[in-house]
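As structure tokens, the structure follows; a few thoughts come after it.
Chain identifiers are assigned alphabetically (A, B, ...) following the order of the sequence lines, protein sequences preceding nucleic acid strands; residue numbering begins at 1 within each chain. In this text the structure is predicted, and so the values were computed from the model without any measurement.
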Amino acid sequence: MPPKKRSKVSEKTTKPGKDEDGSQEAAGSKRKANGATKVKPKSAGSPECWLMKSEPESRFENGIDMKFGIEDLKALPDQTSCWDGVRNYQARNFMRQMKEGQVAFFYHSNCKEPGIAGVMKIVKEAYVDHTQFDKKDVHFDASSKRDNPKWSMVDVQYQRMMKRFIPLSELKKYHLQHRAKEGPLKDMALFTRARLSVQPLTTEEFDFILSLEDEKPL
DNA sequence: GCCAACGTTGGC
DNA sequence: GCCAACGTTGGC
């Protein structure tokens with residue numbers, strides 16, 4: 001089901017010299033297997049939870065509205081959309097690691113109240129992002145060749161809203177707290193790799209954030 | 001709207 | 001390959 005969609009994520013950044021910069025990814029997920037400290041099963045291999053940013057408020061780029069919030073995803077047929085327009089190698093590489101059935105937070109960025117709005121599911125693994133070849137598209141990339149496409153996308157499906165919106169400000173408080181006194185959000189990519197629009201979460205991070213739904217706002 | 005952080009470009 | 005200039009992201 002070729003999901004109808006819109007455009008999300010703004011990622012600009014066009015052509016770095018090389019392509020297939022290949023493995024830059026595993027980024028936050030590595031962590032040596034046997035430190036002395038906390039050896040939890042943690043990320044046994046590649047990440048299984050994700051956070052993906054998109055802008056829920058109108059903003060025009062080349063006359064095209066970049067707005068795509070969780071309500072927009074929810075309103076689509078099948079509540080499904082492709083996640084196109086990612087033009088950053090690290091973010092792209094993370095998308096290429098995604099597996100069908102994995103879950104991702106829908107994060108609202110560049111807006112009045114940034115934060116986590118809901119949960120979605122990966123329903124189709126990485127494939128060619130057609131917008132890179134479309135001259136009319138905001139994310140057209142003249143340097144990408146049909147026979148060797150640079151950019152990928154995945155399909156995501158709406159799952160649910162958070163029981164309560166989890167604002168960035170609250171996540172940041174926990175992050176600082178956990179950094180001072182060891183806690184699950186200590187190394188959260190949202191804070192350590194601020195501009196990454198597609199990022200991995202450890203299951204500890206993911207579960208902790210889910211647990212906040214039932215807590216009072218900090 | 002400002003601007004810090006940070007990724008990319010291009011001169012050398 | 002260094003690094004300054006430039007452009008983008010995204011919080012505030």
Nearest-angstrom distance from the residue atom CG of A:Asn110 to C1' of B:dA5
15 Å
Residues A:Thr80 and A:Asp155: side-chain donor-acceptor under 3.5 angstrom
no
Using a heavy-atom cut-off of under 4.0 Å over every strand shown, decide if A:Tyr107 touches base, sugar-phosphate, or nothing.
sugar-phosphate
Roughly, in whole Å, what's the span from CG in A:Asp141 to P in C:dT8?
13 Å
Please report the end-to-end axis angle for the helix from B:dG1-C:dC12 to B:dC12-C:dG1, five pairs per end, rounded to 10 degrees.
10°
Strictly below 4.0 Å, N to O, side chains only: are A:Asp141 and A:Arg87 in salt-bridge contact?
no
With respect to the phosphate group of C:dC12, does any side-chain polar atom (N or O) of A:Lys172 fall under 4.0 Å of OP1 or OP2?
yes
Could you check whether A:Glu170 pairs with A:Arg164 (Lys NZ or Arg NE/NH1/NH2 to Asp/Glu carboxylate O, under 4.0 Å)?
yes
Starting at OH of A:Tyr89 and ending at P of C:dT8, how long is that distance when rounded to a whole Å?
16 Å
How close or far is atom C1' of C:dT8 from atom NE2 of A:His139, stated in whole angstroms?
11 Å
Between CG of A:Asn88 and C1' of C:dG10 the distance, given in whole Å, is 14 Å
From B:dT8, C:dC12, B:dA5, pick the nucleotide closest to the side chain of A:Leu168?
C:dC12
Dump the intermediate steps for side chain to side chain contact (heavy atoms under 4.5 Å, CB included) on A:Gln199 and A:Lys53, then the final yes or no.
CA-CA 9 Å; A:Gln199 45 183 263; A:Lys53 300 178 181 177; 3.9 Å; yes
Whole Å only: how far is the NZ atom of A:Lys173 from the P atom of C:dC12?
11 Å
Compare side-chain N and O positions of A:Lys53 against OP1 and OP2 of C:dT9 and report whether any pair is under 4.0 Å apart.
no
A:Ser152 versus A:Arg96, side-chain donor and acceptor atoms under 3.5 Å
yes
Just the rounded figure in Å: distance from P of B:dG7 to CZ of A:Arg193.
8 Å
Length of the CG-P vector between A:Leu196 and B:dT8, whole Å:
11 Å
Which label fits A:His175 and A:Phe191: parallel for a plane angle under 30°, tilted from 30 to 60°, or perpendicular past 60°?
parallel
Distance to the ring centre below 6.0 angstrom and angle to the axis at most 45 degrees; does that hold for A:Lys172 and A:Tyr174?
no
